[in-house]
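Whatever order the structure lists them in is the order used to number ligands and atoms, beginning at 1. In this chain, residues are counted from 1 in sequence order. No hydrogens, no waters, no symmetry mates; every other heavy atom, side chains included, goes into these values.
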Amino acid sequence: MRRRPNRGVLIALEGIDGSGKSTLQRRLVRRWRNRTWTVATRREPSDPDLGRLAQQLAPKDPWASAMVFTLDRLIARPKLDTALAEHDVVLTDRTFYSTLAYQGSAVPAGVAARMHRLQRGVTVVPDRVVLLHLSPDEALKRVGARGRGRAPLERRRTLSRVDRAYRRLALEHRWLVVDGSRPAEFVAAEVDSALAPWIERRRARARPGR
Ligand code: ADP
């Protein structure tokens, strides 16, 4: 997970299902392209079939599920490296931190630590992470039918556990935490003003003369 010089920055959006990540991604891309930055987008899981398999495994076998998500990440790595080499910014909807929040919070701490270590060499650590915070109740209201496959109570319990895990990760890694309950354009404006000056400095340093 070593950082290479002269590459674009990797910005990650994290948060529970329905917190507004893909909405924020679309709005940030618009704002950042208006700044004349080159921006690539991606999401995890990259392969829908592997994603489905990982999601099916998650309730009964979080370790196996985490390994399928990790395999997906490994397969997607060359494309991520290319995107970083060719753009100022790569904006990703989810990273390995999602695996740590969802599956890592369902296993004992030692197993979660191993899950984390396994990400080394597989993927790239994002330069900045934005946690979109929204209560599980609000998120469930927003996604409605997307909670298919699990009983509502079970789903709510899972999201609460994942929400706690995300908040711990945010503290530990100093993520930018934003309140996802406000109108989407407010959220995008807050993230833009928090990150844009930093990205601009990094961009000037990485690609002098541009
Ligand atoms: P995620 O990608 O985190 O699962 P989405 O961006 O798909 O979440 O948003 C889930 C639902 O909530 C969508 O119907 C979206 O239009 C809506 N939504 C997203 N952000 C907001 C917001 N700030 N306020 C109200 N509704 C929102």
Side-chain angles (χ1 to χ4, degrees), residues 10-33 39-59 62 65-66 68-69 72-73 76 80 83 89-106 123 126 128-152 154-170 173 175-196:
L10 180 61
I11 308 288
L13 306 179
E14 291 283 354
I16 59 176
D17 301 325
S19 56
K21 295 178 299 299
S22 54
T23 304
L24 177 60
Q25 187 186 45
R26 280 194 300 277
R27 286 169 188 263
L28 286 177
V29 166
R30 213 176 305 137
R31 282 170 177 265
W32 291 351
R33 286 189 181 145
V39 184
T41 59
R42 69 190 292 279
R43 61 176 308 168
E44 295 193 6
S46 298
D47 180 318
D49 293 327
L50 285 178
R52 258 190 302 277
L53 174 62
Q55 262 144 22
Q56 280 162 13
L57 288 166
S65 169
V68 175
F69 279 124
D72 173 73
R73 220 164 270 136
L80 173 57
V89 182
V90 177
L91 183 59
T92 181
D93 178 345
R94 298 197 179 283
T95 64
F96 69 94
Y97 284 122
S98 291
T99 301
L100 299 186
Y102 278 80
Q103 284 73 50
S105 64
T123 192
R128 302 293 299 264
V129 181
V130 178
L131 176 62
L132 259 178
H133 186 256
L134 190 68
S135 73
D137 283 333
E138 281 301 309
L140 280 171
K141 256 188 248 158
R142 281 192 193 169
V143 295
R146 248 166 63 183
R148 63 198 173 271
R150 283 202 211 176
E154 163 70 6
R155 178 102 184 120
R156 200 192 168 288
R157 226 185 341 250
T158 302
L159 286 186
S160 299
R161 187 196 75 219
V162 174
D163 176 48
R164 287 193 296 278
Y166 265 133
R167 281 186 280 161
R168 275 196 302 275
L169 283 166
H173 298 284
W175 294 351
L176 174 66
V177 181
V178 296
D179 175 3
S181 69
R182 292 161 312 146
E185 201 47 33
F186 280 43
V187 177
E190 180 184 341
V191 174
D192 180 36
S193 56
L195 294 188

With only distance considered, is Gly18 within less than 3.5 Å of ligand 1 through an N or O on each side? yes
Ligand 1 atoms nearer than 4.0 angstrom to some heavy atom of Gly180 are 23 (N)
Quick one: sort the His173 and Tyr97 rings into parallel, tilted or perpendicular, breaks at 30° and 60°.
tilted
- Message: Pair Ser105, Arg168 - check side chain to side chain donor-acceptor pair (under 3.5 Å), show working.
- Response: CA-CA 11 Å; Ser105 64; Arg168 275 196 302 275; over 6 Å; no
Give yes or no for whether the N/O distance cutoff of 3.5 Å, strictly under, is met between Asp93 and ligand 1.
no
Next on the checklist: Under a 3.5 Å cutoff, is there a donor and acceptor pairing between the side chains of Ser181 and Asp179?
Outcome noted: yes
- Answer yes or no: is there an ion pair linking Asp163 with Arg167, defined by an N-O contact shorter than 4.0 Å? yes
Subject >> side-chain contact (heavy atoms from CB on, under 4.5 Å) between Leu195 and Val130, intermediate numbers included >> reply: CA-CA 9 Å; Leu195 294 188; Val130 178; 3.9 Å; yes
Side chain to side chain donor-acceptor pair (under 3.5 Å) filter on Ser98, not counting sequence neighbours, yields Glu14, Arg94, Tyr166
Would you say CZ of Arg43 has more than 12 non-hydrogen atoms from neighbouring residues, nucleotides or ligands within 6.0 angstrom?
no
Within 4.0 Å of some non-hydrogen atom of Gly20, the atoms of ligand 1 are 1 (P), 3 (O), 5 (P), 6 (O), 8 (O), 9 (O), 19 (C), 20 (N)
| Strictly under 4.0 Å, does any heavy atom of Gly15 approach an atom of ligand 1? | no
Among Glu138, Lys21, Gln25, Glu14, closest by heavy atom to atom 1 (P) of ligand 1 is Lys21
query = At the 4.0 Å heavy-atom cut-off, does Arg182 count as touching ligand 1?
reply = yes
>> Quick check: Ala184 and ligand 1, any N/O pair under 3.5 Å apart?
In response: yes
Note: Ser181, heavy atoms under 4.0 Å from ligand 1, region reported as neither
Within 4.0 Å of some non-hydrogen atom of Pro183, the atoms of ligand 1 are 23 (N)
